[in-house]
Enquirer: 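Have a look at this one before I ask anything.
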Amino acid sequence: MNFSEVFKQSNQLCKVSPDGKYLATCVQYRLVVRDMSTLQILQLYTCLDQISHMDWSSDSLFILCAMYKRGLVQVWSLEQPDWHCKIDEGSIGLLSSRWSPDGRHILNTTEFHLRITVWSLCTKAVSYIKYPKACQKGIDFSRDGCYMALAERRDCKDYVSVFVCDDWHLLRHFETETQDLGGLEWSPNGCVLAVWDSCLEYKVLLYSLDGRLLSTYSAYEWSLGVKTVTWSPSSQFLAIGSYDEKVRVLNHITWKKITQFEHPATINNTKAVVYKEVERRPAVGADDLSLHNITIGTTLFNTQSKYEICPPPVQIPVVKPDPDRANPKIGVSTLAFSSDSRYLATKNDNMASVVWVWDMQNMSLEAVLEQCSAVRCFQWDPRRPRLALCTGNSKLYLWSPAGCVSVEVPTEGGFQVQSLNWHCSGDSLILLGKEQLLKLTETQRTLEYTSGLPSHTHLAGNV
Amino acid sequence: MGEWWTTVPIGTSMGNYEASRISHATMSPSRQNNYVSMYSLPLSKSSYSVISAFCTEDNISPCISYINQELDSLGLSSICIEASSPGGAGLSAVPALNAMYELLQIHRRNMCTLEELEKEQLKKTSSLEHMQMNNSRLKDQLELSIREKSGLHETERQLQLKIKTLQSCLKTEKDEVQKLQNIIASRASQYSHDAKRKEREASKLKERLSQLLVDRKDKKLAIDVLNCLGRSDGRRSHWKTAKATASHEGEMYKSLLSDYEASQRSLMLENAELKKVLQQMKKEMIHILSPRQSSSRRATADDTQEQVDSDGEEKAGDSSRETLDQSCEHAREQLTNSIRQQWRKLRNHMEKLDSQASQVQNQLESNKEVIPRETHDEEMERMRHEVQQCKEFIHTQQQLLQQQLNTSFDDETAALLNDCYTLEEKERLKEEWRLFEEQKRNFERERKNFTEAAIRLGREKKAFQEDRATWLKNQFLNMTPFTDRRRCSSSDGHSALSIRSEPEMRISSTNTQPAKSSTYATFSTPKPTQSATVPSTTELYRTLRLIPDSRSPRQRQTFNSFACRTPCRTLCSLVCPPAPTPSGHRKSAPSCETTVFIGLHFDATGKS
């Protein structure tokens, strides 16, 4: 496992191009594009203000940099460094900006969700889409980039508009049976649109591409409902995480519940492996206290940690949420299927330090990772069933069906991993600290480590 | 208990009553001497002198009349006491005694009845006491149960109260819930209403804002591009036309169709897989089921029916296999039907197997049950044998222990012990021998006495016979004044002589032979008269026992005196049995003689 040197970044803006060749990072008002393999700077662009959002176009040729405060969007070309494009949303303000799937249009959402402006880089044409709904996830492009579903609100009613992204032709426009639409998401095959209500009601609706209602699912009433919805990459499962700390999995044929995964405070399941992170400070002997050791061994102050397998029953720390506050910290808020749809990783908000991994073949709990601190972020390897997660300390944790490891990030001054991004090849990983980032390239050896070694092996940071 | 005490005064009162009655009785006849009553109250022996004052020399006749009256009143009218002589002091004894007797009888009867009554009273009181105890106990129980009942009533009342309060609580809670629900509903409606209102306002504002933006012609709203880009797919953009929209629709449907096709394909694949699995299962089922059927072909019609069914099924299965790829409704039905039948058969088979297994198990169990009984018996026998062995073992051990003990005493001590034992035995034997000797001597003496007594008795008998003979002769001579008196007497004398000769003979025989008890039987002579004269052994024994040696002379004397007495006296003594001493003799006297004596006696009385 090779760790690159540390680079600066700001606002956690750091993205690998879709083709995996480049790495774009933002440092204040500058945009830096590096070669992914060598990390050499290929291009350097300077924006008009501090960049608040940055994104690659789907063909990895253009980079969008949005400065929300000034209502500005600047687009840079990787092939033609001289080419420039500046979009000013004017006095109405800018809330979010994104690429269309074809990489030739930019969709800007204005302040107050007044409208969505579609700017064409081909024709300089501008078009508006009125009445977009302000919600959790009101806009979604199908995976193949053909269609865009947009949630709308007119006359206190929810509508969904399906656009053909090619020429922004409104393909379908239909009213949904929701009280207050919370979000929508295309199935990976682009044929089914899942629409769910806001947290006040548990309701999931499934629409066909042509606007037909395929099915409605509601697990219960009179309680806070859906928190998050995720399709499996195979479009076979629809996982719904809700406030009742359960994940319900619907199948794609009958749209009925196949199973539900509960997140109990006490794990009695004997088949599941419970990994518990155990921290321990290295014992400091008299010799180690010499000045030499202190100056050199920066890891001396870092705590080491390793995983231990706990036999059931295992008690999991639970934080009771404050019932008087809105959006209580309870329920399943994060769901992620592995790339092969074999595993599902979930996180229950009142058990913030625990990540649950479920086996979708046996519909059972596969592993539980109990960390020392709250889990910030976890992401599946895009190629292999391998989960990387971080908890805001200097360590990276990896889980695979073979076991679990914790990796110390060997940097001076401490590197607090706040977020992480897999490279599309699954060979490398970008770790984002508060104002830094580094690339972690895996060698074959690490793969062996993560997939072949006993689970509680502790990987030293400088492996 | 209280009753017991209450009875006592009754008794005393009765006693008083009696006493008063007595006093009255004593008072009434002697009114002239009232002072007597003063003394008659204490009923003691000392009062005898006072009672005697009831009747004095002067008032005998009034007393008698009074007593007679009293007796009359008592219902003894038949008895009338009367003075032996009018005006005399004497009383005719018989009626007075009878009256007294009657009175005593009455008194006794009264006493008896009193006693009985007292007994009864006692019994009654005891039963009463028992009843009272019972009563009190029952009362206690009653009280207790009443108390319990009241307690239960109380608790019930409390519970009722509780229920009532709880019900009221429930009612209030329900009301509360209803109220809250109403509030919630109203809040919800209000909220939704407000939300809608707010949303409308917001949308209005948004509209206004957008209008304003449009009106102002925002200069800043612009795109500044160096040069326009080509489309990512390289094509040029085209106008929005109906054709375009149609093509979009077409695209959409195409994609949908492709998706459906893909899903159908996957489903088909899955279906085919499942069908394959099903076929395989079916085949295996048939395979499993067929050998059993061939083996059990001999079985009942049921089985044959099954066989037929299975054949039919096989055909159906084949047909379904043929039509599998057509996947039409009919084929599916057939397939499911055949599978169902197969499954049913398999289930039946399994059930049969199960039942068989259970039967076998039952048999095994029953066998198990039988076997233990036998083994139990065997075991018992074995154990008995063992016990026997153990007993024997213990016995031998004891014997050995005894032997050990014996041997542990050395031979000297053993000999000594033995000597001691023999010495003791000798002593005892000596003692016994001495006793035996003494007894023998006693016996000898007794025998001597016996023989002497026998001789004496013989002599006395002889004397008696002689006496009788002479007496009879005299009597006879006195009774017949006629001439033939002499002849008769002579004949009598002959007879007397003849009688006399026999005892002599007997005596001689007794003299010749020693008095042995075994030989006495031979003494019973053929003549009855003779037997009367001869004293029996019992007689002998009795005389021996009754009259010891010291008395034997007196016996002899009495016998002698008896013999010498006058005939009248003898007769009297013979008729009246008060004298005890000659009873043995009298009994032993032969009955013919007695009758003779009686006859004589009557004659004598008739003469007197």
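Each chain gets a letter, A, B and so on, in the order its sequence line appears, and its residues count up from 1.
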Enquirer: Side-chain donor-acceptor pairs under 3.5 Å in residues 176-188 of chain B, sequence neighbours left out?
Expert:
| unit_1 | atom_1 | unit_2 | atom_2 | d |
| --- | --- | --- | --- | --- |
| Asn182(B) | ND2 | Gln178(B) | O | 3.4 |
| Ser186(B) | OG | Asn182(B) | O | 3.3 |
| Ser186(B) | OG | Ile183(B) | O | 2.7 |

Enquirer: Would you please say whether a donor-acceptor pair under 3.5 Å links the side chains of His169(A) and Asp166(A)?
Expert: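 His169(A) vs Asp166(A): no donor-acceptor pair found between side chains.
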Enquirer: Suppose we screen for side chain to side chain contact (heavy atoms under 4.5 Å, CB included). Which residues come up paired with Arg347(B), at least two apart in sequence or across chains?
Expert: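 Result, side chain to side chain contact (heavy atoms under 4.5 Å, CB included) vs Arg347(B): Arg344(B), Glu351(B).
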Enquirer: Would you mind checking which part of Leu61(A) comes under 4.5 Å of any heavy atom in chain B, side chain (CB onward), backbone (N, CA, C, O), both or neither?
Expert: neither
Enquirer: Looking only at heavy atoms, what is the nearest atom pair of Cys191(A) and Ser255(B), with distance?
Expert: SG-O, 4.1 Å
Enquirer: Applying side chain to side chain contact (heavy atoms under 4.5 Å, CB included) between Ile106(A) and each of Val126(A), Ile87(A), Asp55(A), report the one that passes.
Expert: Ile87(A)
Enquirer: Please look at Ser58(A) and chain B and tell me whether the side chain, the backbone, both or neither of the residue comes under 4.5 angstrom of a heavy atom of that chain.
Expert: neither
Enquirer: Under 4.5 Å from any heavy atom of chain A, what part of Ser210(B) do you find: side chain, backbone, both or neither?
Expert: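 Backbone plus side chain of Ser210(B), per the 4.5 Å heavy-atom cut-off to chain A.
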Enquirer: Among Gln80(A), His252(A), Arg172(A), which residue has the highest count of heavy-atom pairs closer than 4.5 Å to chain B?
Expert: Arg172(A)
Enquirer: Can you tell me which of Lys206(B), Arg200(B), His248(B) forms the most heavy-atom pairs within a distance under 4.5 Å of chain A?
Expert: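 Counting heavy-atom pairs under 4.5 Å, the top option is His248(B).
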Enquirer: Against chain A, label Leu205(B) side chain, backbone, both or neither, depending on which of its atoms sit under 4.5 Å from a heavy atom there.
Expert: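 Looking at Leu205(B), nothing touches chain A.
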